[in-house]
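Have a look at the structure below before the remarks.
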Number of protein chains: 2
Amino acid sequence: MKKNLLVAQSGGPTAAINATLAGIIERAFENPEIEHVLGADYGIQGVLQEHFIDLSVKIPELALAEIGGVDQNGEVDPEALDGGLMRILDRLSTTPAAALGSCRYKLKDPGVDPSEFERIIAIFKKYNIGYFIYIGGNDSMDTVWKLSQYIKSKGIEDITVVGAPKTIDNDLYGIDHCPGFGSAAKYIATTISELERELLVYDMPYVIIVEMMGRNAGWLTAAAALAENQNARVPYLIYLEEVPFDLNEFISDLRAEMSVHKNIIVAISEGIRDRSDKMICDYGAENRPKDAFGHVIASGAGKVLENAVKSNIGCKVRSIELNLLQRCAGHLLSRTDIRESRALGKNAAELAFAGKNGCMSTLRRISALGDAEYKVVYDSVDIREVANKEKKVPEKWISSEGNGVTQECINYLKPLIQGELSCEFEGGIPKYVVFR
Amino acid sequence: MKKNLLVAQSGGPTAAINATLAGIIERAFENPEIEHVLGADYGIQGVLQEHFIDLSVKIPELALAEIGGVDQNGEVDPEALDGGLMRILDRLSTTPAAALGSCRYKLKDPGVDPSEFERIIAIFKKYNIGYFIYIGGNDSMDTVWKLSQYIKSKGIEDITVVGAPKTIDNDLYGIDHCPGFGSAAKYIATTISELERELLVYDMPYVIIVEMMGRNAGWLTAAAALAENQNARVPYLIYLEEVPFDLNEFISDLRAEMSVHKNIIVAISEGIRDRSDKMICDYGAENRPKDAFGHVIASGAGKVLENAVKSNIGCKVRSIELNLLQRCAGHLLSRTDIRESRALGKNAAELAFAGKNGCMSTLRRISALGDAEYKVVYDSVDIREVANKEKKVPEKWISSEGNGVTQECINYLKPLIQGELSCEFEGGIPKYVVFR
């Protein structure tokens with residue numbers, strides 16, 4: 001009997017998560033045993049609420065519109081439709097943020113409360129779902145883990161649950177690097193290269209501080225080193241979340257560099273903390289009472305450092321928070337990242353069709369760091385190795401001064417940002433695939 | 001006798017100011033009467049300090065390196081070198097920020113103190129400079145005006161001073177729109193389209209507030225309407241600097257939209273003020289004492305609005321300041337803007353060679369707003385019409401509710417962002433022309 005495949009997206013969006021979705025759809029459409037590909041609206045919450053988008057209807061609809069509809073006889077050239085279909089999947093691959101919608105929802109432990117699991121299985125049976133692929137980060141892999149174990153414990157053999165990775169944070173175990181990270185890293189390195197051009201415009205001491213996402217891992221901040229490695233005309237000071245941050249040492253690092261150079265780039269993780277584990281972004285917060293609206297004006301670590309530079313060095317300084325821009329820049333993607341993200345989606349579908357319940361689609365780098373040729377293979381990994389863990393930048397990849405990364409780290413990062421890819425534009429504005 | 005041409009850049013950098021520089025160099029290299037093209041290091045300050053870069057040496061040097069140096073016989077194919085030269089000028093055209101460096105320096109009134117003018121003329125004579133082109137905004141055009149008048153008043157006939165426009169603010173008189181603005185507007189519209197994808201990811205009320213540059217004119221903020229016009233699935237509320245801002249009206253605008261839609265994009269100018277002319281970014285500042293470093297944490301208008309939404313609506317809200325990113329994004333340029341910026345540079349050189357002292361290179365739109373075909377012609381304008389004035393978004397282009405722009409405004413803006421152009425990339429990272 002033919003089965004349906006259900007796919008959902010979860011966690012924070014990325015610029016590549018839809019490429020993985022496109023890969024899953026592409027592979028599922030090729031499988032004659034799959035009747036419908038359903039997308040859950042807003043992650044596992046959409047599953048629980050039975051909110052589904054029938055992608056086996058929606059994608060061909062979009063493809064038909066793409067090729068200009070039916071001809072005068074009300075017919076469609078199947079080859080043209082296939083071409084339109086591939087154009088829609090390519091466009092979906094460069095559409096940023098989760099096209100199906102996302103959620104941050106952790107299922108309860110089935111040992112404590114199995115009701116949600118019972119409900120999910122009932123819904124799967126109701127909609128004839130044989131395969132469920134969940135695209136997400138470490139929290140979402142917890143959902144895959146719990147669900148796959150529940151299915152196993154109940155002796156259910158006709159439902160396979162597989163995870164597909166994504167996160168700009170690059171903090172997943174069980175994979176060489178995370179889909180979505182390469183595009184964010186490319187955006188960061190490019191933007192910092194541009195900011196360095198800005199930095200050098202005036203003939204005066206000037207410090208630009210750039211704050212990257214990453215509460216618990218400094219991978220995105222490390223990407224600043226890619227700009228430094230290849231383009232830099234000025235010193236870079238790079239402070240990762242992995243190293244305890246000391247404001248006095250920062251000022252003395254800066255003074256040392258500024259005794260030789262007028263202009264400095266500083267790259268920091270939003271989550272930098274001091275030795276007592278206090279967030280730098282919370283410095284001075286006790287001196288800030290609630291404002292007219294009853295809220296303390298929240299400010300990032302970059303603002304705190306900006307003020308420290310003003311007070312201690314007294315030069316021109318500006319802090320810039322890359323904020324959401326670093327994870328949704330569909331106009332500046334890493335071609336490598338989008339290719340791999342789509343392949344990871346195809347691989348996830350293949351793992352599901354092979355009945356590999358409880359695994360995550362993964363890639364392994366088979367070339368050595370620093371090799372001229374970069375090569376990966378696609379594989380699977382037991383979901384237990386991935387769920388609920390965070391991979392940090394290893395200590396050996398951080399410079400002994402704690403304000404930069406090593407060449408080995410650069411060798412790891414560099415292949416991930418190779419090749420440029422942009423979303424489509426129409427009339428000067430991005431053109432996306434939008435499901436609702 | 002052959003003469004030298006001197007060019008300098010001034011004011012805030014843009015993503016297109018080097019395209020104008022490239023146009024000037026290109027045209028000057030074609031003129032056999034020009035011996036050297038000199039670039040002043042850091043604007044008029046570099047002139048006063050006699051800090052020059054000899055671009056007639058530097059550009060061919062870069063071109064020679066580009067084509068791989070001399071051949072085995074120590075010779076160079078002149079055609080290959082010409083090709084290399086054009087590649088360098090093309091790369092310069094997509095290099096963001098002022099490659100020659102910039103300054104914010106206003107010459108003293110020559111009626112009060114002519115010493116700087118005497119010095120500049122002496123330097124021009126010393127370096128055999130027959131033509132001086134200053135690329136800048138309204139303040140820089142003041143320099144062009146004063147200098148050209150001083151030259152005239154002294155009966156000097158062998159020096160011609162011409163202005164070339166630039167500013168992302170689009171606030172110059174005497175020109176249909178400013179070079180640099182189109183690329184910034186394209187960056188803004190693209191980025192807001194991307195943020196709208198982010199906005200729709202979660203199934204909950206969510207407001208994203210985007211803050212654009214523009215202390216005194218709302219042109220950049222109006223560019224948000226380009227995303228709204230073509231892509232928007234959610235309501236946009238757009239508040240320009242030209243309209244007095246009322247926090248209560250903002251909350252009621254938002255409530256009205258949110259009674260129908262969960263998600264809203266808000267676009268604001270950094271310089272929005274209330275009816276008493278108080279900057280919105282200064283709201284609540286009196287309640288914020290100095291922090292640990294002796295500084296009030298400066299926050300933009302976006303943060304103030306974010307807090308107001310938190311307090312009054314209580315939904316998820318995030319404010320994003322586009323900051324320097326909107327003016328240095330060499331990886332996302334408007335092809336129209338870069339083409340026009342370069343043509344304005346060529347035109348400035350031609351005006352200089354024609355001895356048109358005291359004018360600015362300009363363009364006029366000869367197609368009507370809303371025409372399918374967009375057309376401009378290049379011309380000159382008396383510098384008095386430009387210097388020290390600021391052109392605001394006209395009232396008739398702002399919606400009667402004061403929270404959007406009219407179709408006519410969109411018709412004005414839309415042609416300026418057409419066509420995509422990116423800086424070159426090498427090894428995944430931008431490749432620029434750098435003079436020092």
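The analysis underlying the following values was restricted to heavy atoms, covering all of them including side chains, and did not include hydrogens, waters or symmetry mates. Throughout, a chain's letter reflects where its sequence line sits, starting with A, and its residues are numbered from 1.
- Applying the salt bridge (Lys or Arg N to Asp or Glu O under 4.0 Å) test to pairs two or more places apart or on separate chains, those with a residue in residues 312-329 of chain A are A:Arg327-B:Glu198.
- In terms of heavy-atom proximity, A:Asn323 sits nearest to B:Ser319 at ND2-O, 3.4 Å.
- Proximity to chain B (any heavy atom under 4.5 Å) is shown, for A:Tyr105, by neither the backbone nor the side chain.
- Heavy atoms of A:Arg335 lying under 4.5 Å from chain B are absent altogether.
- Considering all non-hydrogen atoms of both residues, A:Tyr202 and B:Gly11 come closest at OH-O, 3.3 Å.
- With a 4.5 angstrom heavy-atom cutoff, B:Leu416 does not touch chain A via any of its atoms.
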- Report the C-alpha separation of A:Phe435 and B:Leu200 in whole Å, then their side-chain angles, then the decisive distance to 0.1 Å, and conclude whether the side chain to side chain contact (heavy atoms under 4.5 Å, CB included) test is met. CA-CA 11 Å; A:Phe435 292 139; B:Leu200 289 163; over 6 Å; no
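- In terms of heavy-atom pairs under 4.5 Å with chain A, the best-connected choice from B:Ala227, B:Gly428, B:Ser422 is B:Gly428.
- Checked by atom type and distance alone, the side chain of A:Gln230 pairs as donor or acceptor with a backbone atom of B:Glu426 at under 3.5 Å.
- For A:Phe250, the ring-ring contact (aromatic ring centres under 6.0 Å, His included) partners are A:Tyr239, A:Phe245, not counting sequence neighbours.
- Heavy atoms closer than 4.5 Å to chain A are found in both the backbone and the side chain of B:Ile320.
- Across B:Gln9, B:Met204, B:Arg104, the residue that shares the most heavy-atom pairs under 4.5 angstrom with chain A is B:Arg104.
- Using modelled atom types, no side-chain atom of A:Glu194 and backbone atom of B:Leu325 make a donor-acceptor pair closer than 3.5 Å.
- For B:Asp203 (side chain) and A:Gly101 (main-chain N/O), no donor-acceptor pair under 3.5 Å exists by modelled atom type.
- Between A:His331 and B:His331, the ring-plane angle classifies as parallel under the 30° and 60° cut-offs.
- Contacts of A:Ser10 with chain B are absent, with no heavy-atom separation under 4.5 Å from either backbone or side chain.
- Options B:Cys103, B:Cys423, B:Ala329 differ in how many heavy-atom pairs under 4.5 Å they form with chain A, and the most are formed by B:Ala329.
- When the candidates B:Pro430, B:Ala98, B:Ala189 are compared by the number of heavy-atom contacts under 4.5 Å with chain A, B:Pro430 comes out ahead.
- When heavy atoms are compared at a cutoff of 4.5 Å, B:Thr191 approaches chain A solely by way of its side chain, counted from C-beta outward.
- With a 4.5 angstrom heavy-atom cutoff, A:Tyr42 touches chain B only via side-chain atoms.
- Residue A:Ser334: no heavy atom, backbone or side chain, is found under 4.5 Å from chain B.
- Listed by chain and number, the residues in a salt bridge (charged side-chain N to carboxylate O under 4.0 Å, His left out) with B:Lys186 are B:Glu420 (sequence neighbours excluded).
- In terms of heavy-atom pairs under 4.5 Å with chain B, the best-connected choice from A:Leu195, A:Thr336, A:Asn229 is A:Leu195.
- Between A:Ile429 and B:Ser193, the shortest heavy-atom distance links the atoms CG2-OG, 3.8 Å.
- Of residues 205-213 of chain A, those residues with a non-hydrogen atom less than 4.5 Å from any non-hydrogen atom of chain B are, in numerical order, A:Tyr206, A:Ile208, A:Met213.
- In terms of heavy-atom pairs under 4.5 angstrom with chain B, the leader among A:Leu322, A:Ile417, A:Asp41 is A:Ile417.
- Counting heavy-atom pairs closer than 4.5 Å to chain B, the top-ranked of the candidates A:Ser102, A:Gly46, A:Gly43 is A:Ser102.
- Between B:Tyr432 and A:Thr190, the closest heavy-atom pair is OH-O, 4.3 Å.
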